[in-house]
Asks: 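This is the structure I want to talk about, given as structure tokens.
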Amino acid sequence: MKIIITVVGKDTVGIIARVCTYLAEKQVNILDISQTIVQGYFNMMMIADMSASPESFEELSGGLEQAGEEIGVKIKCQREEIFTKMHRI
């Protein structure tokens with residue numbers, strides 16, 4: 001199952017490391033990643049595969065949101081099929 005993860009907030013050291021470490025601990029494979037920093041604000045989008053993870057989508061999503069709170073950013077997670085339907089033209 002593929003998921004879309006977005007991370008937004010003020011840029012600080014360790015954002016990517018924290019998110020990637022969390023995902024690795026949950027056996028989530030990162031398929032693609034894009035990140036930018038604009039005037040001190042960090043923005044990242046990831047596509048990941050959670051099919052090997054023992055976590056449910058809800059557990060993973062909640063854990064990512066909590067990790068984001070700990071480092072001062074907003075992390076949102078969506079299932080790929082929902083993301084695709086929401087952004088279809």
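Quick caveat: nothing in here was measured; it's all calculated off a predicted structure. Here, residue 1 is the first one in the sequence, and each next residue gets the next number.
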Asks: Within the 4.5 Å heavy-atom criterion, are Met46 and Asp32 side-chain neighbours or not?
Replies: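 The answer is no, as the side chains (C-beta and beyond) never meet within the 4.5 Å cut-off.
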Asks: With hydrophobic residues grouped by side-chain heavy-atom distances under 4.5 Å, do Ile47 and Met44 end up in a single group?
Replies: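 In one cluster: no.
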Asks: Give the cluster check for Ile71 versus Ile33: same hydrophobic cluster or not, with ILVMFWY residues linked at side-chain heavy-atom distances below 4.5 Å.
Replies: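 Yes, because Ile71 and Ile33 connect within a single hydrophobic cluster, where side-chain heavy atoms sit under 4.5 Å apart.
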Asks: Is any side-chain heavy atom of Gln35 closer than 4.5 Å to a side-chain heavy atom of Ile37?
Replies: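 Yes, their side chains come closer than 4.5 Å.
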Asks: Quick check on the hydrophobic clustering: are Leu64 and Met45 connected, directly or via other members, by side-chain heavy-atom contacts under 4.5 Å?
Replies: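 No, because Leu64 and Met45 fall into different hydrophobic clusters, even though each may have its own neighbours under 4.5 Å.
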Asks: Return the set of residues passing side-chain contact (heavy atoms from CB on, under 4.5 Å) with Lys74 (not counting sequence neighbours), or none when no residue passes.
Replies: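 Once residues adjacent in sequence are excluded, Lys74 has no partner under the side-chain contact (heavy atoms from CB on, under 4.5 Å) criterion.
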Asks: Which pairs of donor and acceptor atoms, one on a side chain in residues 50-61, lie under 3.5 Å apart (sequence neighbours left out)?
Replies:
| from | atom 1 | to | atom 2 | distance (Å) |
| --- | --- | --- | --- | --- |
| Ser51 | OG | Asp49 | OD1 | 2.8 |
| Ser51 | OG | Asp49 | OD2 | 3.4 |
| Ser53 | OG | Lys26 | O | 2.7 |
| Ser53 | OG | Glu55 | N | 3.1 |
| Ser56 | OG | Glu59 | N | 3.1 |
| Ser56 | OG | Glu59 | OE1 | 3.4 |
| Glu58 | OE2 | Arg79 | NH2 | 3.4 |
| Glu59 | OE1 | Ser56 | N | 2.9 |

Asks: Please list, one pair per line, the donor and acceptor atoms closer than 3.5 Å that link side chains of residues 13-24 to other protein atoms, with sequence neighbours excluded.
Replies:
| from | atom 1 | to | atom 2 | distance (Å) |
| --- | --- | --- | --- | --- |
| Arg18 | NH2 | Glu70 | OE1 | 2.8 |
| Thr21 | OG1 | Ala17 | O | 2.7 |

Asks: Using side chain to side chain contact (heavy atoms under 4.5 Å, CB included) as the criterion, point out the one residue from Ile5, Val28, Val7, Thr6 that pairs with Cys77.
Replies: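 For Cys77, the side chain to side chain contact (heavy atoms under 4.5 Å, CB included) test succeeds with only one of Ile5, Val28, Val7, Thr6, which is Ile5.
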Asks: Could you check whether atom CD of Glu65 has more than 12 heavy atoms from other residues, nucleotides or ligands sitting under 6.0 Å from it?
Replies: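 Yes - once you tally the heavy atoms of other residues, nucleotides and ligands closer than 6.0 Å, there are more than 12.
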Asks: Quick one: do Ile4 and Leu31 end up in the same hydrophobic cluster if we chain Ile, Leu, Val, Met, Phe, Trp and Tyr together by side-chain heavy atoms under 4.5 Å apart?
Replies: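 Cluster IDs for Ile4 and Leu31 match.
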Asks: How is the hydrophobic cluster of Tyr41 composed, in terms of its other members, when Ile, Leu, Val, Met, Phe, Trp and Tyr link through side-chain heavy atoms under 4.5 Å apart, directly or indirectly?
Replies: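 Answer for Tyr41: none, a lone residue.
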